[in-house]
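None of these values were measured; they are calculated from a predicted model. Convention: sequence-line order gives letters A, B, ...; per-chain numbering from 1.
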Amino acid sequence: MSGTFLGMPAFPRNAEKALLNSQLRFNLRNATHTIRARRAAVVDELPDWERLRAAGKAIKDDALRNLDRYLVQAEEAVTRAGGHVHWAADAAEAGRLVADLVRATGETEVVKVKSMATQEIGLNEILRDAGIVAAETDLAELIVQLGDDLPSHILVPAIHRNRAEIREIFRERMADWGRPAPPDLTDDPAALAEAARRHLRERFLTAEVGISGANFLIAETGTLVVLESEGNGRMCLTLPRTLISVVGIEKVLPTWRDLEVFLQLLPRSSTGERMNPYTSTWTGAAEGQEFHLILLDNGRTNALADEIGRQALRCIRCSACLNVCPVYERVGGHAYGSVYPGPIGAILTPLLRGTATDLDASLPYASSLCGACYDVCPVAIDIPEVLVHLRAKGPHPPAERLGMKAVGWTLNRPARLRLAQRAASRLRRLVPRRRLPGPGAAWTDTRDVPAVPEESFRAWWRRTEGREGGAR
Amino acid sequence: MSSRERILARVRAAVAGAPPVRVERDHRTAGHGPGDAGLFAERVRDYRAAVHVVPADQVADAVARALAERGARRVVVPDGLPEEWLPAGLERLRDDPPLGAAALDAADGVITGCAVAIAETGTIVLDTGPGQGRRALTLVPDYHLCVVPAARIVPAVPDAVARLDPSRPLTWISGPSATSDIELNRVEGVHGPRTLDVVVAAG
Ligand code: SF4
């Protein structure tokens, strides 16, 4: 694995490779089913879950509808509280801003809290090129970073690794980054976590610069909110003298009170806990720290301009949709070729980046449209609707377009449809099962051809008038 | 044009003509009486923290027992913590002048109060007010003992949000530090305190 998502091949080719990896499929199945069951139990506990979900959806929609106003309000509030606000139109600008801010402190090492936004802009690589070492401090991100690997799940990024692999990575690579792993390290999870604790503690206690993202930014008060489990987030947010937070503009919530909804929706949807172990909030320069907020666009305004697609910006990155997705469960996160995997990745990535590459154009097809992701989403993003919309918008192979035209011509007139169906029944034995010849070949690259039934639905209906058991 | 102006202009163009949104809050909101101390204790226990519910005048004894059980002798005591919660003969570390990270790391633990506690989720919230100290005090030592007066317990998350002041740095704590990153095995304590004890001062 090369450590970058850019330039990865299209979804079907990635997926095919992933499907051959049985360890990966075992880990994924186990993990997604476990979290899924936990989530269902704690969601059932709340009598007002559906009302919270409706409120969450509406609050986010309001935030997006009036985003210009709320962003300016947040900027004023953060500045009033002694923080500095910067705006970044794209990944390169955000990276430059962070690198300059770090350089101004005279430091060449920073500690990082797990953050999708900084992964999205490739911040670690930008900093490396500027001579700055960015150390990931979340246990899973540490495993990914030491293994020169890519994250594969929003919540548990190293879900594709088992304990034996993690032990090997720690033994081989920890010394390159600081305190080495103990020589007698076993693959017991507690021992592995302890090795990570010791390795990272040295770094925390001396770090001068911390870099984070945020789960929420409250416009009314300028407050930033980070939810986590391990305490590495608290370490990075609290101990360094300078704190830099890179936050997507869609993370805004209008009012402080809105947290009453999201602090219930997020932990329960995400880890299946009533509450995550640690939540930190801070407003401006807290406890004498120097604080910089970088507001990141990087394609979010493209997504916002898409009337159907903009609902993807409601996403609070809980990862519930990954854990219920039959496609994700089998192929894993890497196949999506983006920091945002699973159902949300299949819509958010092409909305943010456009569909110029093969990979991005293939993402809206990385779904069976079963709808499980919509049912589980705490902010009710209709992912199947957006998938279908993006498929219709995206580039189609000429044969498919021709085929769809022919279908339209046929379906438009009942008489034509009847004729076509009769022809299909008669020719059914001539249709190959595996691979269509000619222009249909591309379509059957990734699918088997369904068998053509002996009798069409209409013919069957006419014969039986829809009576149950009207045998064919 | 600055990036600020460019982003704001793009936002305005993107949502031009979109209809306004109505936000209904017909979920359970704040203001439904005091929180249930028994439920709070039960929910904190679910996170594998030790909880001791004692009458208000027996807090110091409960604190002494908890410290003895954890072998904690030198503990950080933030300014403003009620004296009657502290056992006699305790070796206290004061945070004035502020303790360095290494000194905090070397302490056996820390004792604090809290701003609010939430029954339904088993959460305590610290706002750096009296008896709580800076955020680092409950982060670096490996053991945290928190005393929760029953009057600070509210029923659910909306009540806590309504009571808290967003201009203060807040730390919401639900059980000890935990990770599930290795094959989804829960391991307590990677970076924050590995042990959390809660003493509830009832009634
Ligand atoms: S789309 Fe919904 S379910 Fe998926 S990560 Fe985002 S908020 Fe969670």
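In this structure, chain B has a heavy atom under 4.5 Å from the backbone of Ala88(A), while its side chain stays farther away. Interface remark: Glu273(A) contributes side-chain atoms only to the contact with chain B (heavy atom separation under 4.5 Å). Within the 4.5 angstrom heavy-atom criterion, atoms from both the backbone and the side chain of Ser280(A) approach chain B. Both the backbone and the side chain of Asp258(A) come within contact range of chain B, each with at least one heavy atom under 4.5 Å from a heavy atom of that chain.
Inspection of the Glu93(A) and Ser3(B) side chains reveals an N or O donor paired with an N or O acceptor under 3.5 Å. A donor-acceptor pair shorter than 3.5 Å cannot be found between the side chains of Thr29(B) and Arg257(A).
The choice from Val187(B), Asp46(B), Thr128(B), Val15(B) that makes the most heavy-atom pairs within less than 4.5 Å of chain A is Val15(B).
Here the shortest heavy-atom pairing between Met235(A) and His191(B) reads CE-O, 3.2 Å. Shown here for Ala136(B) and Thr238(A), the closest heavy-atom pair between the two residues is N-CG2, 3.8 Å.
Inter-residue side-chain proximity for Arg274(A) and Ile118(B) is flagged as unmet; no heavy-atom pair is nearer than 4.5 Å. The closest side-chain heavy-atom distance from Trp87(A) to Arg6(B) is not below 4.5 Å.
Remark: the backbone N or O of Glu230(A) is paired with a side-chain donor or acceptor of Ser177(B) at under 3.5 angstrom.
A salt bridge does not link Arg51(A) to Asp26(B): none of the charged nitrogens lies less than 4.0 Å from a carboxylate oxygen. Taking 4.0 Å as the cut-off between side-chain N and carboxylate O, Arg201(A) and Asp142(B) do not count as a salt-bridged pair. Ionic pairing of Glu287(A) and Arg134(B) is not present here: no N-O contact between side-chain nitrogen and carboxylate oxygen is shorter than 4.0 angstrom.
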